[in-house]
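Before any comments, here is the structure.
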Amino acid sequence: QVQLVESGGGLVQPGGSLRLSCAASGSDFSINVMGWHRQRPGKQRELVARFTTDGANYGDTVKGRFTISRDNAKNTVYLEMSSLKPEDTAVYYCYCNAKLGGAPYPYTVWGQGTQVTVSS
């Protein structure tokens with residue numbers, strides 16, 4: 001079983017930076033994809049960044065400004081956000097594709113979300 005907990009959201013001025021963290025906990029699980037989506041007001045949830053077995057990839061709206069990193073020993077993923085814009089205001093959700101025990105197929109697990117507000 002796996003559970004995700006995000007932290008690090010808050011209020012930041014345009015042009016500022018913020019770092020989000022997401023830690024996975026549980027037992028008898030493995031993760032092959034882990035990353036972040038966000039939901040901006042009035043919009044559909046969208047990919048921000050993720051790690052796969054082949055490396056990291058990013059959504060077009062954040063490419064060049066956000067950086068995803070990970071600590072495999074802690075089952076933790078981070079999102080470093082720079083040059084923040086008001087349109088980055090959203091609830092940011094950590095997610096992973098996890099396998100439980102010896103199950104052959106993964107399923108998606110979502111965190112509770114953390115609010116990021118970019119405003120002057």
Applied to residues 86-97, the side-chain hydrogen bond (donor to acceptor under 3.5 Å, both in side chains) test, sequence neighbours excluded, yields Arg38-Asp88, Arg38-Tyr92, Arg65-Asp88, Asn97-Thr108

Report the C-alpha separation of Thr67 and Tyr78 in whole Å, then their side-chain angles, then the decisive distance to 0.1 Å, and conclude whether the side-chain contact (heavy atoms from CB on, under 4.5 Å) test is met.
-> CA-CA 8 Å; Thr67 301; Tyr78 306 93; over 6 Å; no

Begin from the C-alpha positions of Val109 and Gln3 and carry the test side-chain contact (heavy atoms from CB on, under 4.5 Å) through to its verdict.
-> CA-CA 7 Å; Val109 180; Gln3 184 174 1; over 6 Å; no

Mind jotting down which residue pairs meet the salt bridge (charged side-chain N to carboxylate O under 4.0 Å, His left out) criterion with at least one end in residues 109-120? Sequence neighbours excluded, please.
-> none

State whether the side chain of Glu6 and the backbone N or O of Gln112 hold a donor-acceptor pair below 3.5 Å, judged by distance alone.
-> yes

Criterion side-chain contact (heavy atoms from CB on, under 4.5 Å) against Cys94, the qualifying member of Leu4, Val48, Leu79 = Leu4

Can you give each donor-acceptor pair under 3.5 Å made by side-chain atoms of residues 7-19, sequence neighbours left out, with the distance rounded to 0.1 Å?
none

Atom of Arg40, atom of Ala90 and distance for their closest heavy-atom approach = CG-CB, 3.6 Å

If two hydrophobic side chains count as joined below 4.5 Å and joins carry through other members, does Leu47 share a cluster with Val33?
-> yes

Check against side-chain contact (heavy atoms from CB on, under 4.5 Å), Phe51 and Ile31 = CA-CA 10 Å; Phe51 272 114; Ile31 297 172; over 6 Å; no

Nearest 0.5 Å, what's the OG-CD distance between Ser21 and Glu80?
-> 9.5 Å

Gap separating the CD atom of Gln115 from the CD atom of Gln39, nearest 0.5 angstrom | 11.0 Å

Would Met81 and Trp36 satisfy side-chain contact (heavy atoms from CB on, under 4.5 Å), going step by step from the backbone distance to the final call?
-> CA-CA 12 Å; Met81 304 182 292; Trp36 299 87; over 6 Å; no

In terms of heavy-atom contacts, Ala98 and Val2 come closest through CB-CG1, 3.9 Å

Where Ile68 and Ala56 come nearest, the two heavy atoms and their spacing | CG2-CB, 3.7 Å

Quick one: do Tyr58 and Met34 end up in the same hydrophobic cluster if we chain Ile, Leu, Val, Met, Phe, Trp and Tyr together by side-chain heavy atoms under 4.5 Å apart?
-> yes

Are there more than 12 heavy atoms of other residues, nucleotides or ligands under 6.0 Å from atom CD of Gln1?
-> no

To the nearest 0.5 angstrom, please state how far the OG1 atom of Thr114 sits from the CG atom of Leu20.
-> 6.0 Å

Looking only at heavy atoms, the pair that brings Phe29 and Gly26 closest together is CE2-C, 3.5 Å

